[in-house]
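Throughout, a chain's letter reflects where its sequence line sits, starting with A, and its residues are numbered from 1.
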Amino acid sequence: MATLTRQDLNFGQVVADILCEFLEVAIHLILYVREIYPSGIFQKRKKYNVPVQMSCHPELNQYIQDTLHCVKPLIQKNEAEKVVMVIMDKEHHPVERFVFEISQPPLLSISSETLLSHVEQLLRAMILKISVCDAVLDNNPPGCTFTLLVHTREAATRNMEKVQVIKDFPWIVADEQEVHMEEAKLIPLKTMTSDILKVSHSQLFCTESQKLNEIL
Amino acid sequence: MDDLYLDNIDEFVNDQNKIVTYKWLSLTLGVHVNTAKQMLYHYLQQKRNESSGTPLHATYLVSGKCVENGSTYHKVSVVREDKLDAVKAKMDVTISVHVYSVQRAELKDSSPLYSTDYDAVKENLKNCNKYSAIRCAAAVPLSSSELQRAQETALVPPVEKEISKPGFNENTSATSKPSAKQPAGIMGMFASKNASKSQESSKEVKTEQKEDSSLVETSKSKTASKANPMSNFFGKSAQKKADEKPNKSIKEEMDSSSTASATASLKQSQTSSKSETDVKEEQSKVSKALKVESKDTRSKTKRPEVVDSDDEKMESQQKKRRRIVVPDSPPVPNVHTPSPKKQVKREPVSHQEESSEVKRRKRRRVLRSNTFVDEDGAFVTEKGYVSESYSESEEEPESNSQAKDSSSLKQSFGKREEEKKEKSQKKTSAAKKPTKQPSIMGFFQKK
């Protein structure tokens, strides 16, 4: 297999594709594990050779796909710092946040097929970690919703507002209320560093609102 | 020295928050699987006695005989602790029970159990049965020339159903076809477990079960040992219609079955099989069938294809549902949830029906449901199924009721009646003009 370097047009796309696919699976899995939606809408599918739960609801799937479709160009240009999945209660106060930190090391190259299977292995481990995360997290109150936020470096968002990647799917600046959590507790879940490939350094951690726990 | 393993398990479970299955533990610590099972059991006992710290959850593997619809099944299932007693009570004879895994998290479904073992097995592919209780001296890897020959003959179509069983199971433990790995890996795992369990009845975890099973073992030692290859054939559960039938097939397939469940590579099982070419024929066919299986995970029971191995496919699909008793919960509508969620619940019903309909009558088009928000802000799910079929007259009343179901969940009443009328108009027009096939989705997209 030919060596792809950063200068190759395809490389950034490959990285972004892998990452967006992973994010989609991870988001669906979080929705399932944290019981945001009833488990009836989920269906077992296969990803990275292991079973994962994906939702069948068309609107939900479309929303997630559109979001990630917009995030993809940011990842390609290395402008996305983190993708956050915020779980909010009925009053739109954030209860949990799943943060995926993405970074690309400067020297990147894909040199052989085995490296991609290595990445697959790491991503599989990450998915497994999500599945068991409810050991460290408390149950959410009923009636929770979720939203996806993207933190970008510099002024990338300004470009996004000007050019709508997907029609009728506008991005707005997130409310301070959604971004900040009071008395949050940080729980690191999994870090994945692919040394050989160095595609992404994803740090998944979840912050819980301590105050909410006290009320419950 | 003997208690070090308890600390190890403690570290895995509590500090690293891992799921510790007995298979993973045996590969990690380099011990026999039965030792691993006992380790987990002791660890669980110790932690439960301490009654402090974080709660632990465990899953158990239960295998036994149960009678359903008049025929006896050998059922192997992984159950959560809270359902353990219920499952055991359902069985006529419980042959063995042992701890399958220990973890802190309460698992909602069985996927993480599979994922845990996946990487561990993959790394130890050559010797993943090193610590297994299943042995076959004839199981050796094929040489490359033999492998080539095997691949050439694999293209011939299948012959017998009985041959298909070991072929089916050999495939279940094979890793050469990754697309079939998902159902296959789990089944292969359970096949190996089952055999090892019955052989080591004295080492079982539950004391009361020990007495029962030891009695069972002595009286049924012969049938149990035969039952194991049979259950190996099916992986999850074997259907024993008559005792003669299994005996016959067992005799000729004894070697292949025991190797099949133990080994991870296709090649090994092929050498030990006497009817080599037949087995290979079956394998290719069955591998295709498995591929189809893994792709169509939705349609569970209604698959009326008439080909040979499909009986097992259907069985296995049915067994699949039965096997994992607890984690997969069927969609249960909850009355008090708000309307968007109600719409969400309608989806799985329609989708399951859709997939079954697709299988049954292929000439009909797929049921398509279009979800959108109507003028009043209510979620509306329309099923496109209605207008696309014209040949089957029975579909119309069926689809009519479906349409009514979906419409009853809408909050705006005026819209509902309007849409019903339009739909019925569509239906009649569809019935009268079969060639036109108007799409109901096309109608609503105009909005």
Write down the atom of A/N49, the atom of B/Y118, and the distance for their closest heavy-atom approach.
-> ND2-OH, 2.8 Å

Partner set under ring-ring contact (aromatic ring centres under 6.0 Å, His included) for A/F146, not counting sequence neighbours = A/Y63

Which atom names give the shortest non-hydrogen contact between B/S111 and A/P51, and what distance separates them?
-> CB-O, 3.3 Å

What's the spacing between A/R124 CZ and B/T116 OG1 if we round to 0.5 Å?
-> 11.5 Å

Just wondering, do B/D109 and A/Y32 contact through their side chains at under 4.5 Å, heavy atoms?
-> yes

Qualifying residue, where the test is side-chain contact (heavy atoms from CB on, under 4.5 Å) with B/S115 and the options are A/V132, A/I127, A/L128 | A/L128

Taking the side chain as C-beta and beyond, is there a heavy-atom pair between A/Q121 and B/K122 under 4.5 Å?
-> no

Candidate pair A/E35 and B/K108, rule side-chain contact (heavy atoms from CB on, under 4.5 Å), full reasoning = CA-CA 10 Å; A/E35 291 171 340; B/K108 286 191 187 48; 3.0 Å; yes

